[in-house]
2 protein chains.
Amino acid sequence: MPPPDGRRVRGDRRRREILAATLRVVERDGVAGVSHRSVAREAGVPTTSTTYYYATLDELLIATLTWSAEEMAASFRQVSLTPAAVARFIADAAGPHRGRTLAEYELYLLAARRPELRAAARRWISLMAEVAGPRDPVALRAVLAGLDGLLIQALIADFPPMAEDLEPVVSLLMLGG
Amino acid sequence: MPPPDGRRVRGDRRRREILAATLRVVERDGVAGVSHRSVAREAGVPTTSTTYYYATLDELLIATLTWSAEEMAASFRQVSLTPAAVARFIADAAGPHRGRTLAEYELYLLAARRPELRAAARRWISLMAEVAGPRDPVALRAVLAGLDGLLIQALIADFPPMAEDLEPVVSLLMLGG
DNA sequence: AAACAAGTTGAACAGTTGTTCCACTAGTCT
DNA sequence: AGACTAGTGGAACAACTGTTCAACTTGTTT
């Protein structure tokens, strides 16, 4: 809950605008395309604004990707637990929401190099665990890995897979037959 | 088979040195750390050498990652098909060979943005298909996704998982129980 | 021996980068 | 009213980037 302080509130808005702009840049050009200047250009603010709120590029990246994972969590919770719904979710993630999903996966991999991002990355996994439903630890791990791999393989396919094709695979992973 | 031509042979050697140096840079600093100059420094050659053999940075990256996937294929074929061996492979990939595996996964994800890398990325998948052994398409896809996800999740864990912990999960994925 | 292509290299180009500095405005507190 | 602080933004810094150029060496072919 932000304080009802005039100054802070104004600052927070611009903070969010910068984060949103950064995410758009990542979606469009990948993490590689993020610079203080490219983000400032995208947000329509002077370059010094981005450095004012996020002193270093690392800080900016970490804040963006953490926030983005947090934001994605909200929409994630609305997915129901049937294999068909999960298949539809993966198909959408690799199709219409491709850019966003790609950005999210770059965070995922960046977490391998930057421990600060691990929390956000694990957030992803624990959300998938909710989707997978309760089951014993070994089976849970297998399902999570399966859904994760399905998603990433969908991203590098020449054409995004269709939900109907995904459904039997998801079903096999989630129901074990 | 390279021609026994003196000039070409000498050139090819330097080509390989540059590729190897690039891979080392990717392992150490990620794709983000690759520049004509950083690679040249790593290889101990002048900057113009890297541009002579690979006119653009993209060309260099694509060549390196394609070659690296091809090279990894060799060691991959030696993995036997038992769940225990696959578990050991994953544990090693996330532990001792972490840098290399990370580099390989950055290729994997880069393929999502650059179609030129898709062939190399799919090579990965088809190699895993060999490890998985023959089975019907749906089951194969589930196993491949599972192994893929297990590997990537091992990379973002705080500590690399041990083969013993991995083994039951791999077993469940491969044998379905 | 001359001609040629392949390979090698230092220097330089213009453009971009992260980051810092300083002057300025606009709200808030005393 | 004056002092203070958060926020704003223009200009500049040195460092680095991808890429090109022209000069040079080397090995091979005629």
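Worth saying up front: this structure is predicted, and the values here are computed from it rather than measured. Every chain is numbered from 1, with letters handed out A, B, ... down the list of sequences.
- Atom pair A/Arg14:CZ and C/dA26:P shows a separation of 14 Å (rounding to whole Å applied).
- Rounded to an integer number of Å, the gap from B/Asp29 CG to D/dT17 C1' is 16 Å.
- The separation between B/Arg13 atom CZ and D/dG27 atom P is 13 Å, rounded to whole Å.
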Distance-only donor-acceptor pairs under 3.5 Å for side chains of residues 134-153 of chain B, two or more places apart:
{"residue": "B/Arg135", "atom": "NE", "partner": "B/Ala132", "partner atom": "O", "Å": "3.2"}
{"residue": "B/Arg135", "atom": "NH1", "partner": "B/Met174", "partner atom": "O", "Å": "2.8"}
{"residue": "B/Arg135", "atom": "NH2", "partner": "B/Ala132", "partner atom": "O", "Å": "2.6"}
{"residue": "B/Arg135", "atom": "NH2", "partner": "B/Met174", "partner atom": "O", "Å": "3.3"}
{"residue": "B/Asp136", "atom": "OD2", "partner": "B/Val138", "partner atom": "N", "Å": "3.2"}
{"residue": "B/Asp148", "atom": "OD1", "partner": "B/Tyr105", "partner atom": "OH", "Å": "2.3"}
{"residue": "B/Asp148", "atom": "OD2", "partner": "A/Gln153", "partner atom": "NE2", "Å": "3.1"}
{"residue": "B/Asp148", "atom": "OD2", "partner": "B/Tyr108", "partner atom": "OH", "Å": "2.6"}
{"residue": "B/Gln153", "atom": "NE2", "partner": "A/Asp148", "partner atom": "OD2", "Å": "3.0"}

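- Applying the 4.0 Å criterion to OP1 and OP2 of D/dA6, one finds that A/Tyr53 has every side-chain N and O outside that range.
- Contacts classified as salt bridge (charged side-chain N to carboxylate O under 4.0 Å, His left out) and involving residues 25-40 of chain B (residues at least two apart or in different chains) are given here: B/Arg28-B/Glu42.
- Considering only residues two or more places apart in sequence or on other chains, B/Ser38 meets the side-chain hydrogen bond (donor to acceptor under 3.5 Å, both in side chains) condition with B/Ser35.
- Taking atom CZ of B/Arg15 as the reference point, atom C1' of C/dT8 lies 15 Å away to the nearest angstrom.
- Listed pair B/Tyr52 / C/dT8 fails the phosphate criterion, with no side-chain N or O lying under 4.0 Å from OP1 or OP2.
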| field | Base-contact (B) and sugar-phosphate-only (S) positions in nucleotides 13-23 of chain C, heavy-atom cut-off under 4.0 Å, - elsewhere | value | ----BBBBB--
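- Take B/Arg98 and apply the salt bridge (charged side-chain N to carboxylate O under 4.0 Å, His left out) test, not counting sequence neighbours, and it matches no residue.
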List the atom pairs, with distances to 0.1 Å, where a side-chain N or O of residues 154-163 of chain A and a protein N or O form a donor-acceptor pair under 3.5 Å, not counting sequence neighbours.
{"residue": "A/Asp158", "atom": "OD1", "partner": "B/Arg118", "partner atom": "NH1", "Å": "3.0"}
{"residue": "A/Asp158", "atom": "OD2", "partner": "B/Arg122", "partner atom": "NH2", "Å": "3.3"}

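- The backbone N or O of B/Ala43 lies less than 3.5 Å from no partner atom in the side chain of B/Arg24, so there is not a single donor-acceptor pair.
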